[in-house]
Protein chains: 2
Amino acid sequence: MNTLKVGICGLGTVGSGTVNVLQRNAATISARAGVNIEIVHVGARRDNPLCDITPYKVSRDIFEVVRDPNVDLVIELIGGTTIAKDLVTEAINNGKHVVTANKALIALYGNDLLALAAEKGVTVAFEAAVAGGIPIIKAVREGVAANEIKWLAGIINGTGNFILTEMREKGRDFADVLAEAQALGYAEADPTFDVEGIDAAHKLVILASLAFGMPFRFEKCFTEGISNIDALDVKFAEELGYRIKHLGIARRCENGIELRVHPTLIPEKRLIANVNGVMNAVLVNGDASGPTLYYGAGAGADATASAVIADVVDIARGNQIPMMGFAPEEVSKQRILPIEEVQTAFYLRISAEDKPGVLSEIATALSARGISIEAIIQKEAQDDEVRVPIIILTNRTVESKMIDAVSTIEQFDFVQRPVVRVRVESLAG
Amino acid sequence: MNTLKVGICGLGTVGSGTVNVLQRNAATISARAGVNIEIVHVGARRDNPLCDITPYKVSRDIFEVVRDPNVDLVIELIGGTTIAKDLVTEAINNGKHVVTANKALIALYGNDLLALAAEKGVTVAFEAAVAGGIPIIKAVREGVAANEIKWLAGIINGTGNFILTEMREKGRDFADVLAEAQALGYAEADPTFDVEGIDAAHKLVILASLAFGMPFRFEKCFTEGISNIDALDVKFAEELGYRIKHLGIARRCENGIELRVHPTLIPEKRLIANVNGVMNAVLVNGDASGPTLYYGAGAGADATASAVIADVVDIARGNQIPMMGFAPEEVSKQRILPIEEVQTAFYLRISAEDKPGVLSEIATALSARGISIEAIIQKEAQDDEVRVPIIILTNRTVESKMIDAVSTIEQFDFVQRPVVRVRVESLAG
């Protein structure tokens with residue numbers, strides 16, 4: 001049996017998981033790959049007590065791994081984008097395949113890195129960059145290759161989903177759950193990447209590029225976080241038969257591609273609405289396959305290692321999968337819709353004085369822009385309030401019209417607080 | 001761009017869907033494959049008004065397709081096993097790749113066909129044979145290649161799932177829903193293949209072989225249908241927090257591999273418990289990935305065509321994926337457990353006279369075999385009955401002990417009817 005010689009750079013959570021899974025399942029992995037997969041060099045600033053690297057050559061300077069002529073394939077697990085970009089570039093220039101779990105690296109610098117790899121005749125693979133242990137890159141790039149993909153929508157940040165799940169199940173507030181998530185290690189000390197949707201946007205940009213055959217353009221992705229979601233809205237959504245999920249959505253429209261991460265009301269009967277806690281799921285709607293869903297752990301040492309090693313096995317098998325899911329010459333820029341042009345339905349929560357004519361004026365502000373109302377709930381006044389929350393579900397409208405309507409509504413004298421506005425998607429096939 | 005020349009045999013539902021999707025999405029499919037995929041020859045006894053084959057050479061004798069030197073790859077969509085086996089054998093012998101949606105053919109004759117294909121240096125691919133548009137073969141063979149697969153469990157027959165869903169949602173009887181399914185075209189005039197689990201067993205055997213690296217052995221699969229499931233049991237299961245699904249389950253145990261299709265109570269909070277109607281889903285639990293789930297349409301012209309064409313694209317791309325997910329020399333027979341050795345929990349429904357001491361005697365019959373009781377519901381007597389249903393959930397036990405216990409319970413003078421016995425799985429990671 002031939003041998004594929006692997007170098008691993010980075011020995012954090014995913015790095016140690018990769019070492020462990022490669023050791024534990026060595027026989028099965030080789031039997032599946034038809035090739036022995038052998039770790040020959042590990043680059044890490046320090047050891048990690050969670051794995052045993054004593055059998056391997058170890059370098060404290062990770063660049064020694066990509067310069068080692070004995071290494072056929074480099075697994076990049078150091079994270080970040082500055083050093084990682086230099087490291088991967090040098091690995092490619094040295095004729096080595098690269099497997100990475102680094103979503104930011106691919107979303108921001110993937111175009112150049114993949115072009116360089118194509119030039120050098122090596123592969124850059126990144127299954128682990130999106131949705132951890134779920135083989136979603138493979139599904140989009142190969143599994144639904146027969147399809148015009150109409151849209152995809154994913155819960156692709158476990159921290160955000162944990163927070164929203166806790167808010168719904170226990171009626172807790174965002175800040176409270178975030179603090180717990182940080183204590184549990186689900187959320188970073190600086191939670192911005194997770195809760196503001198940047199991490200999800202990195203992943204969405206990757207999925208959308210593979211789905212629609214276009215270069216990675218992170219700067220074009222609309223991103224809105226979940227930190228403004230109130231426990232009240234989670235509760236009202238539920239009363240209406242919806243759940244709030246932080247979704248990454250990419251959709252092909254007549255005028256271009258929608259590319260957006262934001263909190264979204266989705267019908268509770270959809271399978272993806274029932275994906276809870278730190279779990280991830282991606283719904284892909286192809287014109288032939290119809291909706292298909294892929295679910296699993298979005299993070300974690302072993303789950304992410306599973307994806308890393310799946311890429312290694314693909315390369316070991318000698319597979320010829322175009323890195324972007326399309327032949328390189330078929331990848332082309334497409335217009336990304338500014339959010340103002342995106343069409344969705346909307347959930348509105350308006351705090352209004354409890355007096356006659358209020359509903360009528362709000363309805364008129366909406367209908368004047370062609371926005372029709374699907375459902376309305378008027379709540380009793382809270383104990384110490386003269387204002388009542390009015391909850392409105394609208395039909396689909398282009399976002400610019402909704403921005404305009406909300407601006408009018410906020411100028412009514414009976415409305416003192418900003419209108420809460422959350423997009424609604426049916427996710428129907 | 002190179003061209004892959006495809007011949008299609010069979011122009012039924014899936015055949016016409018395949019022609020339509022290949023025509024409709026030709027540009028995208030070629031862009032993804034990096035190769036033009038061109039239909040050059042269609043073999044079908046008659047035309048199908050649902051698709052247009054006038055651009056192609058058409059033969060009424062399907063064997064002319066596999067003998068056509070102009071054809072690189074044959075798509076077999078005639079169904080059945082007798083002619084299909086001859087057809088595929090001849091295609092392979094003529095050096096052509098084969099893509100098939102024929103689960104029975106692979107489950108029954110796949111070992112010989114794949115061995116012949118390996119000898120001739122061609123590929124036999126069968127993504128469409130299991131779970132229609134869901135790329136589950138790819139997921140098992142490639143996506144989770146890093147894992148020791150602990151078990152997989154699937155809803156892999158849409159007809160059965162439609163029937164069980166209707167029974168639960170509307171409290172209807174099996175026979176009543178089956179008649180409707182037949183009227184809707186979801187179930188065949190002879191529903192045996194679907195409702196008795198034979199179709200699911202074909203698919204399970206294929207998945208299990210890829211998961212565990214063993215030859216297809218359909219004759220070893222335990223199969224129990226859903227025709228004995230009563231609306232009462234669906235209702236009682238729900239009261240206990242469970243749903244009844246017709247699952248195909250394959251699990252690696254200390255003494256061998258479990259391979260079984262049967263109605264199963266599963267906790268309603270599991271995502272797969274919420275897969276309803278004709279939809280399919282497969283849950284795959286790897287030691288590294290943890291549980292991953294794959295969901296989508298299990299049948300239908302376009303969805304199945306999506307899977308057929310994904311295989312064609314893989315072959316067009318020149319991928320080198322071992323057909324069984326393991327290098328051929330690594331595929332080996334493993335012991336398949338007889339059902340008596342399988343361990344599960346159980347749901348029991350016992351119709352007993354409503355008199356003192358009944359529960360105690362039943363509990364003793366179970367505990368004497370080491371079977372402990374997890375939950376018990378004793379129902380009020382129905383209007384015209386002196387018997388009451390006693391519902392018991394047991395802990396896990398080996399099946400032979402349960403058979404023994406039930407036999408004792410059925411001999412009690414206060415039990416006049418056969419005990420209803422349904423296996424229970426937690427499907428926990």
Side-chain angles (χ1 to χ4, degrees), chain A residues 1 17 20-22 24-25 28-34 127 132-135 138-139 141-148 213 269 271 274-275 279 281 286-297 300 302-303 305-310 312-314 317-322 325-327 330, chain B residues 1 17 20-22 24-25 28-34 127 132-135 138-139 141-148 213 269 271 274-275 279 281 286-297 300 302-303 305-310 312-314 317-322 325-327 330:
Chain A
M1 215 180 252
N20 287 329
V21 175
L22 278 172
R24 184 171 82 225
N25 294 347
T28 296
I29 293 168
S30 294
R32 287 186 176 277
E127 180 66 79
I134 309 173
K138 183 169 280 289
R141 203 178 45 188
E142 304 162 47
V144 296
N147 291 262
E148 291 288 358
K269 68 183 172 192
L271 206 58
N274 295 284
V275 170
M279 302 304 281
D287 71 332
S289 64
T292 56
L293 181 129
Y294 309 85
Y295 161 91
D302 276 18
S306 172
V308 165
I309 299 168
V312 176
V313 169
D314 261 352
R317 283 171 170 167
N319 284 347
Q320 308 286 322
I321 308 154
F326 285 78
E330 304 284 348
Chain B
M1 215 181 252
N20 287 330
V21 176
L22 278 172
R24 185 171 81 224
N25 293 348
T28 296
I29 292 168
S30 293
R32 288 187 176 277
E127 179 67 79
I134 310 172
K138 182 169 281 290
R141 203 178 44 188
E142 305 162 46
V144 296
N147 292 261
E148 291 288 357
K269 68 183 170 193
L271 206 58
N274 296 285
V275 170
M279 301 305 280
D287 71 333
S289 64
T292 56
L293 181 129
Y294 309 86
Y295 161 91
D302 276 18
S306 172
V308 165
I309 299 167
V312 175
V313 169
D314 262 352
R317 283 171 171 169
N319 283 348
Q320 308 286 321
I321 309 153
F326 285 79
E330 302 284 349

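All figures in this text were calculated on a predicted structure; none of them were measured in a lab. All values below were derived from every heavy atom in this structure, side-chain atoms included, with hydrogens, water molecules and symmetry-related copies excluded. Chain letters run A, B, ... following the sequence lines, proteins first and then strands; every chain starts at 1.
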If you count heavy-atom pairs within less than 4.5 Å of chain B, which of [options] leads?
options                        : result
A/D287, A/V144, A/V312         : A/D287
A/G34, A/A327, A/A31, A/P135   : A/A31
A/S289, A/A33, A/G132          : A/S289
A/G143, A/A297, A/G213, A/G296 : A/G143

Count the heavy-atom pairs under 4.5 Å between each of [options] and chain A, then report the option with the highest count.
options                        : value
B/P322, B/G286, B/A307, B/S30  : B/P322
B/V275, B/V308, B/I309, B/T28  : B/T28
B/N147, B/N25, B/L22, B/V21    : B/N25
B/P291, B/G133, B/A139, B/A281 : B/P291

(request) Check whether A/I321 gets within reach of chain B through its side chain, its backbone, both or neither, counting any heavy atom under 4.5 Å. (result) both

(request) Please state whether the side chain, the backbone, both or neither of A/N20 comes within less than 4.5 Å of a heavy atom of chain B. (result) neither

(message) Which heavy atom of B/A145 sits nearest to which heavy atom of A/I29, and what is that distance?
(response) O-CG1, 4.0 Å

(message) Tell me the closest heavy-atom pair linking B/S306 and A/A288, and the distance in Å.
(response) CB-CB, 4.1 Å

(request) With rounding to the nearest 0.5 Å, note down the distance linking CG in A/D314 to CG in B/N319. (result) 7.5 Å

(request) Look only at the side chain of A/N274 and the backbone of B/L271, and say whether a donor-acceptor pair between them is shorter than 3.5 Å. (result) no

(request) From the options A/K138, A/R141, A/R317, select the one residue that forms a salt bridge (Lys or Arg N to Asp or Glu O under 4.0 Å) with B/E142. (result) A/K138

